[in-house]
There are 4 protein chains.
Amino acid sequence: MPDVGACLWVVPGGHIPFPSNGPEPEFTGFDQLCVLNTTDRRADVELHIYYEDAEPVGPYALPVDARRVRHVRLNDLIDPEAVRLDRPYGALLRSPVPVVVQFLRQDTRLPGVVALAATMAYPA
Amino acid sequence: MPDVGACLWVVPGGHIPFPSNGPEPEFTGFDQLCVLNTTDRRADVELHIYYEDAEPVGPYALPVDARRVRHVRLNDLIDPEAVRLDRPYGALLRSPVPVVVQFLRQDTRLPGVVALAATMAYPA
Amino acid sequence: MPDVGACLWVVPGGHIPFPSNGPEPEFTGFDQLCVLNTTDRRADVELHIYYEDAEPVGPYALPVDARRVRHVRLNDLIDPEAVRLDRPYGALLRSPVPVVVQFLRQDTRLPGVVALAATMAYPA
Amino acid sequence: MPDVGACLWVVPGGHIPFPSNGPEPEFTGFDQLCVLNTTDRRADVELHIYYEDAEPVGPYALPVDARRVRHVRLNDLIDPEAVRLDRPYGALLRSPVPVVVQFLRQDTRLPGVVALAATMAYPA
């Protein structure tokens, strides 16, 4: 299989929805980064989070094995610190090997309603 | 008409919603790949599916006739094996002629609610 | 202002939702092409529609004046023929001057629910 | 950190949803531009708004500090004039330093329902 993608990806529109309604974890509101590594090498992806009123935080380590996909909920990241809920942020991912990154939001702030939004991240 | 597109396309954020609510097939939850072939040659598109914890599966054959569009629900693919429901995956499409690929999700896990998400696939 | 964009744009994932619920026209289901012409020349955009099982139809004339945006509901096109409801299609737009094209779907098939999906079109 | 992005971004599909339902400001309907500035210089972003039947309006000043993200609701812009509600528009952003721009819509026109749509803006 070919090496596909880029080594630098950006998502400016992060904002983890809060609160959530419905059974966890499938209806928990989230922002998600979906990383596909088609190469034969492990991708030690590093994530940095940018805020409106504070210095960037990172790196968050997001390793993706060779020939694997990984879907990471931003809500689940805790090291070096939790990504703040209900607050605007941007994400920058760097990978030593080419990967492809997509962004997905699930919003369940209203009972009995699911809203989705998706976009490919921006490759640099 | 011009030849338009690329021969390699990637969607990292696959996850077929499950279960579904509402009349089938129009309200069945799905992930969909929409492939447009504007060329005058048949596009014998091949799809590979990447998982989080298993080797990639494929090729799935997705032929698209000359000057035709084809919308394929991932749920409907069974050869070489069904794409697994409610599980993260990524998709890689290869075509011998240029095509354009878009991704669409329809989520009907909650009764009386439809959620949609769409993005152009990433061209390599 | 600069000339921005491309002269060829593609949307593979067309499918006008049917039926609709709610007051017309604001809650009528639609697929929409949003074309921005930042140049100082009129853009005589031409649209062709591709189907799964029939030859492409077009051109549909979609002129966009200099320094203007135009949002066109595919449902409203009737010349050379109406775009078929509830049926997969793809769209190809050609412009003599650079423009930028975005795709938006509004789905109101279920009473009391709106679903949206958006993506930038693919520039060739 | 690297300089990432482009200096010219376009969103053709603007249309601020109106009216809104639910508590303000979190459920107010909006169109939003999300701008990430990873550089070490302040980005004095300028926005121009294009309409269907009037000359473009701008510039709107949207400064984004170094290493910061900024999410701007189009509804909140008032200088040089308010962006018109419930009316098609397109947006063009220019920045003296590279930035990345994403578009997000939240639609709460129906009580008890949230619809989202997102796409990366088009980089020129």
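Here is how names work: the chains are called A, B, and so on, in the same order as the sequence lines, proteins then strands, and each is numbered from 1.
By the 4.5 Å heavy-atom criterion applied to side chains, M120(D) and F103(A) are not counted as neighbours. Taking 4.5 Å as the limit, some side-chain heavy atom of L110(A) sits within range of a side-chain heavy atom of F27(D).
If you measure heavy-atom distances from L116(A) to chain D, the contacts under 4.5 Å come from the backbone alone. Only the side chain of V113(A) comes within contact range of chain D, with heavy atoms under 4.5 Å apart. At a 4.5 Å heavy-atom cutoff, V99(D) makes no contact with chain A through either its backbone or its side chain. Neither the backbone nor the side chain of P98(D) comes within contact range of chain A, judged by heavy atoms closer than 4.5 Å. Using a 4.5 Å cut-off between heavy atoms, D53(A) contacts chain D through its backbone alone, with no side-chain atom that close.
Smallest separation of non-hydrogen atoms from P56(A) and R68(D): CD-NH1, 4.3 Å. Taking all atoms of both residues into account, the shortest heavy-atom contact from P88(A) to H71(D) is CB-ND1, 3.4 Å. Taking every heavy atom of both residues into account, V69(D) and Y50(A) meet most closely at CG1-O, 3.6 Å. Across C34(D) and P12(A), no two heavy atoms sit closer than the pair O-CB, 3.3 Å.
Look at R67(D) and E55(A) and you find a salt bridge, because one of the NZ, NE, NH1 or NH2 atoms lies within 4.0 Å of a carboxylate O, short of that distance.
Proximity of a side-chain donor or acceptor of R109(A) to a complementary backbone N or O of E26(D) within less than 3.5 Å is detected. Judged by distance alone, the side chain of E52(A) and the main-chain N or O of R70(D) form no donor-acceptor pair under 3.5 Å.
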Worksheet entry | Intermediate values then yes/no, side-chain contact (heavy atoms from CB on, under 4.5 Å), L104(D) and H15(A) | CA-CA 11 Å; L104(D) 179 70; H15(A) 189 135; over 6 Å; no
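Considering only heavy-atom pairs separated by less than 4.5 Å from chain A, the leading option among A118(D), G22(D), A6(D) is A118(D). Among P111(A), G14(A), A91(A), G112(A), the residue making the largest number of heavy-atom pairs under 4.5 Å with chain D is G14(A).
From Y122(A), atom OH reaches atom CH2 of W9(D) across 4.5 Å, with rounding to the nearest 0.5 Å. Separating the NE2 atom in H48(A) from the OG1 atom in T38(D) is a distance of 11.0 Å, to the nearest 0.5 Å.
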